[in-house]
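In what follows, a structure is listed as structure tokens, so that the remarks can point back to it.
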Amino acid sequence: MSKKGKFQTPKGIHDILPKKQKYYRKVYQVCKKIADYYGFQEIYTPILEDRGVYEKGTGEGTDIVQKEMFKLKTKGGEKLALRPEGTPGIARAYIENGMSNWQTPVKLWYFGPFFRYEKPQAGRYRQFWQFGFEIIGQSDAAVDAELIQIFYNILRELRIEDLSIKINSIGDEECRPEYIEKLEEYFKENKKNLCKNCQKRLKDNVLRILDCKNKKCNKVKEDAPQIIDNLCDDCHEHFKKVLEFLDKTEVPYELDPYLVRGLDYYTRTVFEVFTGEEDEEEGQNALGGGGRYDKLIELFGGKETPATGMAGGVERIVEKLVDERLTFEEPEKARVFLAQIGETAKRETFDLLEEFRKKGIKVAESLGRNSLRPQLNIADKMEVDYTLILGKKEVVEDEIIIRNMKSGKQKKVKLSKVVSEMKKKLK
Ligand code: AMP
């Protein structure tokens, strides 16, 4: 609450007001269209999950779990969290709902709010929306490339320009531990040249040092061993194929040996999507990212199930939706206004409006008003073709006036006939 006793949204959390809705809806509609085309089914997982889903899935040592998760405990003692990201909830739902018996691959997509206790700034909020696409049950490199292409297609359909996709492979349980050891050794030798944060990361998240944007760390990173030179044969082959498939598409990708994504469950392919120029100091705000997570479902007690996914940040995408070639679905305009005079007529109006609604004819009204003039003014402003006028006299005579707003001509029809009469007129 503010000092004056007025409530405000919590820090970093915003209303999405009506004038912004069309942009959110547009992103949803493009996602849905593309999801339908590629055979993804929509899923809603809950906003509240068992906290363990993220501690175990996203990873205890990650920034998301350590610093950013909104945690709560119920009166019954359940430890829950507001979901900070989508993939672990999907993996939980996959197992809980026996999706391993569904036809493979299981292709799911979602759109909804997520929560992270971050320092609010442009493009970074504490409640934000994401869409995500997951392909569960296949390890083929073609699937990784397909998912990246889907993301690219969504953004292109939204007319976002200047896109670049950074891609890397972070190996698997075969080759990554050895690489991390090498990396740790290298960074330990150079510890004094790392930023404070990365000195801490040396203990529990060495890989994450690679995507630090600090100038000092950038210098150290230049000579660090690169994962690409340390992949096992299988991971190397997989990554090579992903790139070969991407070469078949229009997707503008570039290799980024420093991209790691920093969540525990990723294996092999990781990628992030950007638009515009990179800021040397700040890096770039990604529009989204994703990668393969071949071990997550097994980690949650399911069968060994390879999977890959991606998520896009809706706020950051909405900020880019200014292209005048973009068309938005606007609500249907009413062509008829129903004006009523007096209580008796007002009561009658309720039935009549329902009849019109059931017949699919949109009728505007202003039930809070009583006299005719202000209602006609509104009808004028709305540029409707017809205004129906119902007064006490008309109700008694079981009639209603149809006024043609262009010519000003009026005629009376039977109340029971007005819906069919209007249907004819509006054809
Ligand atoms: P991540 O999986 O963390 O890379 O998140 C995927 C995408 O969601 C990011 O690329 C951003 O576009 C968006 N995103 C993540 N965190 C936030 C946030 N705090 N506020 C707004 N958008 C976010």
Side-chain angles (χ1 to χ4, degrees), residues 9-16 20 23-24 27-28 31 45 47 53-54 57-59 61-70 81-91 109-134 147-148 150-152 154-155 158 160 163-168 170 205 207-208 210-213 256 258-267 269-276 278-279 282-293 296 307-321:
T9 50
K11 197 172 165 189
I13 296 184
H14 306 286
D15 298 308
I16 303 170
K20 271 272 176 84
Y23 299 102
Y24 280 71
V27 178
Y28 176 86
C31 285
T45 58
I47 285 167
V53 168
Y54 306 106
T58 315
T62 59
D63 283 354
I64 288 188
V65 169
Q66 280 203 345
K67 301 183 192 154
E68 298 165 6
M69 203 155 69
F70 280 90
L82 290 180
R83 59 182 187 185
E85 57 138 344
T87 304
I90 298 276
W109 82 282
Y110 58 84
F111 190 98
F114 291 83
F115 305 83
R116 293 185 196 172
Y117 189 77
E118 297 196 86
K119 196 169 159 218
Q121 51 188 284
R124 198 170 291 283
Y125 312 105
R126 290 189 175 168
Q127 175 174 336
F128 56 97
W129 289 61
Q130 281 188 341
F131 61 80
F133 284 58
E134 316 278 351
L147 202 71
I148 294 172
I150 289 173
F151 203 158
Y152 177 74
I154 290 173
L155 297 174
L158 288 164
I160 296 178
L163 291 168
S164 62
I165 283 114
K166 292 186 179 169
I167 184 167
N168 193 18
I170 54 165
N205 211 340
L207 268 185
R208 206 67 220 251
L210 288 178
D211 71 3
C212 178
K213 298 289 178 284
D256 181 350
Y258 303 128
L259 182 70
V260 295
R261 300 272 301 140
L263 309 185
D264 281 7
Y265 53 69
Y266 282 121
T267 49
T269 320
V270 288
F271 66 93
E272 274 185 356
V273 182
F274 299 89
T275 174
E278 181 158 11
D279 178 319
E282 298 289 324
Q284 237 171 330
N285 269 347
L287 296 184
R292 188 158 269 291
Y293 53 95
L296 180 59
T308 182
M310 59 89 162
V314 180
E315 276 72 13
R316 291 189 196 171
I317 291 171
V318 163
E319 275 161 32
K320 307 277 174 207
L321 295 189

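We number each residue from 1, following the sequence as shown. Values reported hereafter were calculated over all heavy atoms of this structure, with side chains retained and with hydrogens, waters and symmetry mates removed. First listed ligand is number 1; within each ligand, the first listed atom is number 1.
The closest side-chain donor-acceptor pair between E118 and Y125, if any, does not fall under 3.5 angstrom.
The 4.0 Å heavy-atom shell around ligand 1 contains residues R116, E118, G123, R124, Y125, F128, Q130, R261, A286, L287, G288, A311, G313, R316, ordered by chain and number.
Counting heavy atoms from C-beta outward, T269 and T308 have side chains that stay 4.5 Å or more apart.
A cation-pi arrangement, defined by a distance under 6.0 Å to the six-membered ring centre and an angle within 45 degrees of its axis, is present between R126 and Y117.
Residues passing the side chain to side chain donor-acceptor pair (under 3.5 Å) test with E315 are Y24, sequence neighbours excluded.
In summary, of the residues considered (F131, Y23, F111), a ring pair (Phe, Tyr, Trp, His ring centres under 6.0 Å) with Y28 occurs for F111 alone.
Between the R116 side chain and the P84 main chain, a donor and an acceptor come within less than 3.5 Å of each other.
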